[in-house]
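Within every chain, numbering begins at 1; the chains are lettered A, B, ... in the order of the sequence lines, protein sequences first and strands thereafter.
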Number of protein chains: 2
Amino acid sequence: MDERKKIILKAIVDDYVETCEPVGSKSLVKRHNLKYSSATIRNEMAELEEMGYLEKPHTSAGRMPSDKGYRAYVDNLLSLPKISPEEAAAIRNYLTENLSEAKEMIERTAEYLAEKTNYLSVVLSPQFSDTSLEQIKIMMIEPGRAIVVLVLSPGIVHDRLIRIPALIEEKDLNEIGRAVERCLAGKRLDDITLVTISSAAEASELPEALVNQVLYEAYIAIKQTEKIEVYIDGKYQLLKHPEFRDVDRASRFYDAMQQEHMVAGYMREMEHEEEGKAFAECEWDLDCLEKIGDEPSSLAVQQKKPAYMVRIGQEIALNGMEDMSFITTTYRIGQQITGQIGVIGPKRMQYGNIISQISFVNRALSDVAKDHYGRGECPAPDDGNRKRRD
Amino acid sequence: MDERKKIILKAIVDDYVETCEPVGSKSLVKRHNLKYSSATIRNEMAELEEMGYLEKPHTSAGRMPSDKGYRAYVDNLLSLPKISPEEAAAIRNYLTENLSEAKEMIERTAEYLAEKTNYLSVVLSPQFSDTSLEQIKIMMIEPGRAIVVLVLSPGIVHDRLIRIPALIEEKDLNEIGRAVERCLAGKRLDDITLVTISSAAEASELPEALVNQVLYEAYIAIKQTEKIEVYIDGKYQLLKHPEFRDVDRASRFYDAMQQEHMVAGYMREMEHEEEGKAFAECEWDLDCLEKIGDEPSSLAVQQKKPAYMVRIGQEIALNGMEDMSFITTTYRIGQQITGQIGVIGPKRMQYGNIISQISFVNRALSDVAKDHYGRGECPAPDDGNRKRRD
DNA sequence: ATTGGCACTCGAGGCGATCGAGTGCCAATA
DNA sequence: TATTGGCACTCGATCGCCTCGAGTGCCAAT
């Protein structure tokens, strides 16, 4: 594909993305001050169509990009706008201000992206299955109730309230707790099963049934930690885009989105997708991100190759998403723990913009998450005049 | 309003709710086998229109109910379908099966209602501000981290991870914890302020700054407990209703819904709305609910007068909701703790159906919530083959 | 008080003409 | 040989016009 074709393709995609209307040769020349006549452009467009990059809704209409056209655009023709320092500061602030739970950070990531992009955002909570258990404590609250606290390897703490048989006394519970810790400490969460944990039962002199009840609850607490949560925001914003003028189409898409676990599963798969596929897995454009942060990010250095993935139209292996594009990226907490961030929008999407946004949000979240999930700094005491959200 | 007018009004509302099209005199006679001619009906309809119960989109069209018409229908003409025993069992099951957190119960309530009604559901988590604090414990996890556990008066447990200065040792922390408990135990959550809690600082010999940090975190944990969460489900289902063919209208409504705190605030206000207003605040139709549950609900006896409220169209004091109807009801955990359940749909709503559903869901949640929030029974150990949701 | 009948209204839907932005192709041109 | 101007053609969108039918209001007859 020669240079001129590239320019024309880019121009067409840009225009189409903006207007959502098939673009014709004449208007293209005018809008972009091309130094060729519309006839020339017409010839080129005809060739581009033959090559599969463009399509026409009907004979006498302008051209619009095909999936392949978008793909070429995303792979080769994209320019990524830079994120301004103000924006960079704004998002960090947004993610952490008055933060009360680590989870909430994920939720806010989704919120921020949805608002910023005007598309739909999906953020998955981090996957802890690969992480190993440093400590597990079971602490009595009152007869019949206790709390299980897990500390995962990079200092991530999870806890869960459990019910226990009311007969169990504090010292017995502590005994059980120690036994559980002995038998689980250092194990990967994923490797812990009901069988593993039940070997802790021997330690106690209590009736086995009682002990098992506690072990079972502890087990659930552990499995709960592995559960991936899905945060979706901006669903209905899509309605504002012209491709959703057709309510039925919107409705079909929403039905597909309803199956959050499918979407989540798909996103996780994308993470493990091998490189070198025909999908855009581009190296982070350091140029676009380097000078933005306040200070150089240690994480950005660690993760040599933060990547985003773009799936366009038919490439998305989810029913009901054939008309959409899906951009995903993987954030990291420390080295091993990962989670996904995604944006879904119509194929006619502002790819450059969204990729910049999602990439930067990724970095911000990765930076900030470690502090809030793991053994980060103590938050400033902040003399009490924080606003409470309710 | 004489009997015949009532019958006609009811028939019109029923038809209009079903078809979403203005109903004419002739088709009304046919569909309902009325024993009057269409001319008579026409006269009656003209009078009903003059009285304000009906309106016409244009001169030669059929009639549709006005807000006032719906109001009369809801207040006087409604018949509440009974909930079948199967359904009753199904919902209890849905709410509690494999339940892992109390919160999730609220979420599921929203899910269930949305799915069942095909409208939008809003459920607020219970409001604990009125409740008093039985216990508060601060327990060390590792240097720099601790957990705050609150027990509220009917045995409701909340907890929150906090960061503490890494210098503080376990025994000092315990000391502080005891001091906090002494100074807060028995107080209403609402009455606890930063000032109240800071009086616990004297007890310790540690530097005041360190202690204050802990107290502040404990304070946040308490305030966190009071935070009301809003669960909304079925948002996009509304798109399937013909009144939302117009995407802009849908979009406007969704913009309004985006302000969840407004909606939540409005729902809470409705709870405190005095009786005797012009709004439907009807006594629970015991007839419709009595024979359904498996066993008589102790709560149903306690709460003499579970009520639902219906706001129609302009009655809703929220921007962008002028075309909707909003049905709310208050669930209870024990005597004092309350939360809200609501359904929002087009004015052309299946009032009878929805009111039955929401009322029953209310009862189911009230019944079940106490066990899961408070000192309920231990859940069955359930031999480990529960399905895990992820 | 009820009814049949009649003139009238108005939105929906089908038809045809017009308009305009687009295309493909070809012969002329630099 | 690549580019361009010109021309005939296509097709969706829009507008006006007509008809159809389900509705109404009103009046005189029962």
Side-chain angles (χ1 to χ4, degrees), chain A residues 1-9 11-16 18-66 69 242-243 245-246 348, chain B residues 1-9 11-16 18-66 69 242-243 245-246 348:
Chain A
M1 182 152 69
D2 63 32
E3 204 54 32
R4 191 170 68 185
K5 281 204 181 54
K6 282 189 190 170
I7 292 172
I8 293 174
L9 179 55
I12 291 174
V13 175
D14 284 339
D15 276 18
Y16 186 71
E18 191 174 327
T19 63
C20 192
E21 260 152 39
V23 356
S25 52
K26 213 163 159 186
S27 58
L28 195 74
V29 172
K30 207 194 284 175
R31 281 181 61 113
H32 296 263
N33 294 317
L34 298 181
K35 56 185 200 293
Y36 297 98
S37 78
S38 65
T40 312
I41 304 299
R42 266 203 294 288
N43 292 331
E44 291 284 45
M45 281 164 103
E47 279 181 64
L48 280 167
E49 182 175 0
E50 206 168 341
M51 295 161 77
Y53 294 106
L54 296 178
E55 43 194 38
K56 272 187 301 195
H58 57 88
T59 7
S60 76
R63 304 298 207 296
M64 50 202 274
S66 65
E243 23 269 290
R245 292 265 74 156
D246 178 3
R348 187 188 65 86
Chain B
M1 180 152 69
D2 63 31
E3 204 54 32
R4 193 172 65 186
K5 280 204 180 55
K6 283 188 189 170
I7 293 172
I8 293 173
L9 178 56
I12 291 174
V13 175
D14 284 338
D15 277 16
Y16 186 72
E18 190 172 328
T19 63
C20 192
E21 260 152 40
V23 356
S25 52
K26 212 164 161 187
S27 59
L28 194 75
V29 171
K30 208 194 281 175
R31 281 181 61 112
H32 295 264
N33 294 320
L34 298 182
K35 54 185 203 291
Y36 297 98
S37 77
S38 66
T40 313
I41 303 299
R42 266 205 294 287
N43 292 331
E44 291 284 43
M45 281 164 104
E47 280 182 64
L48 280 166
E49 184 176 358
E50 205 168 345
M51 294 161 76
Y53 294 105
L54 297 177
E55 43 194 40
K56 272 188 301 196
H58 56 90
T59 6
S60 77
R63 303 302 206 296
M64 51 202 275
S66 64
E243 21 271 288
R245 292 266 72 158
D246 178 3
R348 185 189 67 87

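A/K35 has its NZ atom 10 Å from the P atom of D/dT4, to the nearest Å. A straight line from CD of B/E44 to P of D/dT24 spans 13 Å, rounded to a whole angstrom. As a whole-Å value, the separation of A/Y36 OH from D/dT1 C1' is 14 Å. Here C/dT23 presents its P atom at 9 Å from CG of A/L28, a figure rounded to the nearest Å. The distance between atom NZ of A/K26 and atom C1' of C/dA21, rounded to the nearest whole Å, is 8 Å. Rounded to whole Å, the distance from NZ on A/K5 to C1' on D/dA2 is 12 Å. Note: CZ (B/R4) to C1' (C/dT2) measures 8 Å, nearest angstrom. Straight-line distance from the CZ atom of B/R31 to the P atom of D/dA22: 15 Å, rounded to whole Å.
Panel note: side chain B/S25, backbone B/I41; no donor-acceptor pair is recorded below 3.5 Å.
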- Note on the structure: Given protein heavy atoms under 4.0 Å, the one-letter contact record of nucleotides 25-30 of chain D, with B base, S sugar-phosphate only and - none, is simply BB----
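With sequence neighbours excluded, the residues that form a salt bridge (charged side-chain N to carboxylate O under 4.0 Å, His left out) with A/R348 are A/E243. Applying the side chain to side chain contact (heavy atoms under 4.5 Å, CB included) criterion to B/S60, with sequence neighbours excluded, gives B/H58.
Where DNA chain D pairs in unbroken runs of 3 or more (Watson-Crick or G-U, both distances under 3.5 Å), the stems are C:1-30 with D:1-30.
For residues 43-55 of chain A, the set of pairs meeting the side chain to side chain donor-acceptor pair (under 3.5 Å) definition, not counting sequence neighbours, comprises A/R4-A/E44, A/K5-A/E44, A/K5-A/E47, A/E49-A/R63. Every pair passing salt bridge (charged side-chain N to carboxylate O under 4.0 Å, His left out) that includes a residue from residues 21-35 of chain A is listed here, sequence neighbours excluded: A/D15-A/R31, A/E18-A/R31.
Taking 4.5 Å as the limit, some side-chain heavy atom of B/S37 sits within range of a side-chain heavy atom of B/T40. A/I12 has its side chain within reach of A/M45: a pair of non-hydrogen atoms, C-beta onward, lies under 4.5 Å apart.
Between B/S25 and D/dT24 there is a side-chain polar atom (N or O) within less than 4.0 angstrom of OP1 or OP2. OP1 or OP2 of D/dT4 sits under 4.0 Å from a side-chain N or O of A/T40.
Atom CD1 in B/I8 sits 6.5 Å away from atom CG in B/L34 (nearest 0.5 Å). For the atom pair B/T19 OG1 and B/M64 CE, the distance stands at 10.0 Å (nearest 0.5 Å).
Toward the 5′ end of DNA chain C lies the nearest nucleotide of B/S38, the other residue of the pair B/A61 and B/S38 mapping further downstream.
Residue side chain A/S60 reaches the base of D/dT10 through a donor-acceptor N/O pair under 3.5 Å, judged by distance alone.
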